[in-house]
Trainee: 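The structure is given below, and queries will be raised subsequently.
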Protein chains: 2
Amino acid sequence: MPVDDTCPVCRTADIICAKWTLLLIRDLAEGRSRFCELERSLQGISPRTLSLRLRALEEEGIVERHTFPEVPPRVEYALTAKGRALLPIVDDMRTYGERWLGAECATGDEQPVAVVAA
Amino acid sequence: MPVDDTCPVCRTADIICAKWTLLLIRDLAEGRSRFCELERSLQGISPRTLSLRLRALEEEGIVERHTFPEVPPRVEYALTAKGRALLPIVDDMRTYGERWLGAECATGDEQPVAVVAA
DNA sequence: CAGCATCCGCCGTGATACTG
DNA sequence: CAGTATCACGGCGGATGCTG
């Protein structure tokens, strides 16, 4: 069900549209790096799902995993350049959400502020 | 399972992350407006899903529906201002897809071009 | 042409329990 | 702490058939 593999928009969507993924990237960008830390921050996520997301993003080269051979074991995750390159999208989505999905603006024919968008 | 309703990023994601939605918005932006036209363009979509998407976007105020009382019936869809405000996000996703998901750039530590991002 | 109704299969997600 | 294994469920999306 690839929808359209040749479409760059879809390829990007395939990566970031899974549940929790955007939040995860946001938290990673904000400096959260350890498994339990992310687990707490993304309240409600199951360890299984968090693990799946982290693994998938790692395989995409969006997240880097650093293991420290200590006891107790410590693992830290961080965004790669490819991961940080997603942040403008996240920011745009935040801006859109704030402008158009803030409260009761569902009519669509009034623009709350300016829609200049450089 | 609202993940986080208070997060504008998530509210935006809830809208555009459904399957076909991004393609649909893109096609609408490119001028395609009739049901059968969209159905052909989004090859593989079922009329049910297209209808669901269109309705959902209409309820969000992202798409406007114009009915023409003719025989055979004609209906045209178009993006509202709120819908057009999504295009920067789509563009960013396209840009990201082209830069980072083009072919074999999954390592994440080489940036294909510049990552300036205004 | 532009849909809606129904049925069904799939898989993404969550819950829980266990391991190194 | 940092996960994995297993199970079960819910809902999305597809297929088909019919209507105005």
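The sequence lines fix the lettering, A, B, ..., with proteins before strands; numbering per chain opens at 1. The structure presented is a predicted model; accordingly, all values stated were derived computationally and were not measured.
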Trainee: Enumerate the residues from residues 24-39 of chain A whose closest heavy atom to DNA chain D is under 4.0 Å, giving them by residue number; use none for an empty result.
Mentor: A:R34, A:F35, A:C36
Trainee: Send over the distance from A:L42 CG to C:dG14 C1', rounded to a whole Å.
Mentor: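 My rounded result for the distance is 15 Å.
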Trainee: Quick one: which of D:dG3, D:dG13, C:dC1 gets closest to the side chain of A:Y77?
Mentor: D:dG3
Trainee: If the condition is side chain to side chain donor-acceptor pair (under 3.5 Å), which residues does B:R32 pass it with, not counting sequence neighbours?
Mentor: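 Partners of B:R32 by the side chain to side chain donor-acceptor pair (under 3.5 Å) criterion, ordered by chain and then number, come out as B:E30.
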Trainee: With a 4.0 Å limit, can you tell me whether B:W20 has a side-chain N or O closer than that to the phosphate oxygens OP1/OP2 of D:dG14?
Mentor: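 For B:W20, the contact criterion (side-chain N or O under 4.0 Å from OP1 or OP2 of D:dG14) is met.
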Trainee: Which atom pair, heavy atoms only, marks the closest approach of A:A85 to B:W100?
Mentor: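 Scanning both residues, the minimum pair turns out to be CB-NE1, 3.3 Å.
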Trainee: Which heavy atom of A:I15 sits nearest to which heavy atom of A:T21, and what is that distance?
Mentor: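 Shortest heavy-atom separation between A:I15 and A:T21 comes out as O-CG2, 3.7 Å.
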Trainee: What is the distance, rounded to the nearest whole Å, between atom CZ of B:F68 and atom P of C:dA2?
Mentor: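 These atoms are roughly 11 Å apart.
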Trainee: B:R11: which residues meet the side chain to side chain contact (heavy atoms under 4.5 Å, CB included) condition with it, sequence neighbours left out?
Mentor: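 A:L101, B:P8.
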Trainee: Output every pair passing salt bridge (Lys or Arg N to Asp or Glu O under 4.0 Å) with a member in residues 66-78 of chain A, not counting sequence neighbours, ordered by first then second residue.
Mentor: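 Non-adjacent pairs meeting salt bridge (Lys or Arg N to Asp or Glu O under 4.0 Å): A:E70-A:R74, A:R74-A:E76.
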Trainee: Answer yes or no: does a side-chain N or O of B:R65 lie under 4.0 Å from OP1 or OP2 of C:dG3?
Mentor: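 Affirmative; the distance criterion is met.
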Trainee: Just jot down the side chain to side chain donor-acceptor pair (under 3.5 Å) partners of B:Y77, sequence neighbours excluded, or say none.
Mentor: B:R65
Trainee: Partners of B:A29 by side chain to side chain contact (heavy atoms under 4.5 Å, CB included), sequence neighbours excluded?
Mentor: B:L79, B:L87
Trainee: Rounded to the nearest angstrom, tell me the gap between atom CG in B:D14 and atom P in D:dC12.
Mentor: 11 Å
Trainee: List in numerical order all residues of residues 48-57 of chain B for which some heavy atom is under 4.0 Å away from an atom belonging to DNA chain D.
Mentor: B:R48, B:T49, B:R53
Trainee: Rounded to whole Å, how long is the line connecting atom NZ of A:K19 with atom C1' of D:dC12?
Mentor: 13 Å
Trainee: Is the backbone N or O of B:G61 less than 3.5 Å from a side-chain atom of B:T80, with the two atoms forming a donor-acceptor pair by type?
Mentor: yes
Trainee: What is the distance, to the nearest angstrom, from the CD atom on B:Q43 to the C1' atom on D:dA15?
Mentor: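 After rounding, the reported distance stands at 16 Å.
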Trainee: Would you check, one step at a time, whether the test side chain to side chain contact (heavy atoms under 4.5 Å, CB included) holds for A:T12 with B:L22?
Mentor: CA-CA 11 Å; A:T12 304; B:L22 265 329; over 6 Å; no
Trainee: Just the rounded figure in Å: distance from C1' of C:dT13 to CG of A:L23.
Mentor: 15 Å
Trainee: Taking only residues two or more places apart in sequence, or in another chain, which ones meet A:C7 in a side chain to side chain contact (heavy atoms under 4.5 Å, CB included)?
Mentor: A:D4, A:V9, A:C10, B:L23, B:R26
Trainee: Please list, for nucleotides 17-20 of chain D, all pairs of protein and nucleotide N/O atoms separated by less than 3.5 Å.
Mentor:
none

Trainee: Under 3.5 Å, side-chain donor or acceptor atoms of residues 41-49 of chain A against the rest of the protein: list the pairs with distances, not counting sequence neighbours.
Mentor:
unit_1: A:S41; atom_1: OG; unit_2: A:D27; atom_2: OD2; d: 2.4
unit_1: A:S46; atom_1: OG; unit_2: A:T49; atom_2: N; d: 3.3
unit_1: A:S46; atom_1: OG; unit_2: A:T49; atom_2: OG1; d: 3.0

Trainee: So which pairs with a foot in residues 85-96 of chain B pass salt bridge (Lys or Arg N to Asp or Glu O under 4.0 Å), sequence neighbours left out?
Mentor: B:D91-B:R94
Trainee: Tell me the bend of the helix from C:dC1-D:dG20 to C:dG20-D:dC1 as the angle between end helix axes, each from five pairs, rounded to the nearest 10 degrees.
Mentor: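 For the helix from C:dC1-D:dG20 to C:dG20-D:dC1, the axes at opposite ends meet at about 50°.
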Trainee: Can you see which heavy atom on A:R84 is nearest to which on A:P88, and at what distance?
Mentor: O-CD, 3.7 Å
Trainee: Round to the nearest Å and state the distance from A:E76 atom CD to D:dG3 atom C1'.
Mentor: 16 Å
Trainee: If hydrophobic clusters are built by linking Ile, Leu, Val, Met, Phe, Trp and Tyr wherever their side-chain heavy atoms come under 4.5 Å apart, do B:V3 and A:L38 end up in the same one?
Mentor: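 Cluster IDs for B:V3 and A:L38 match.
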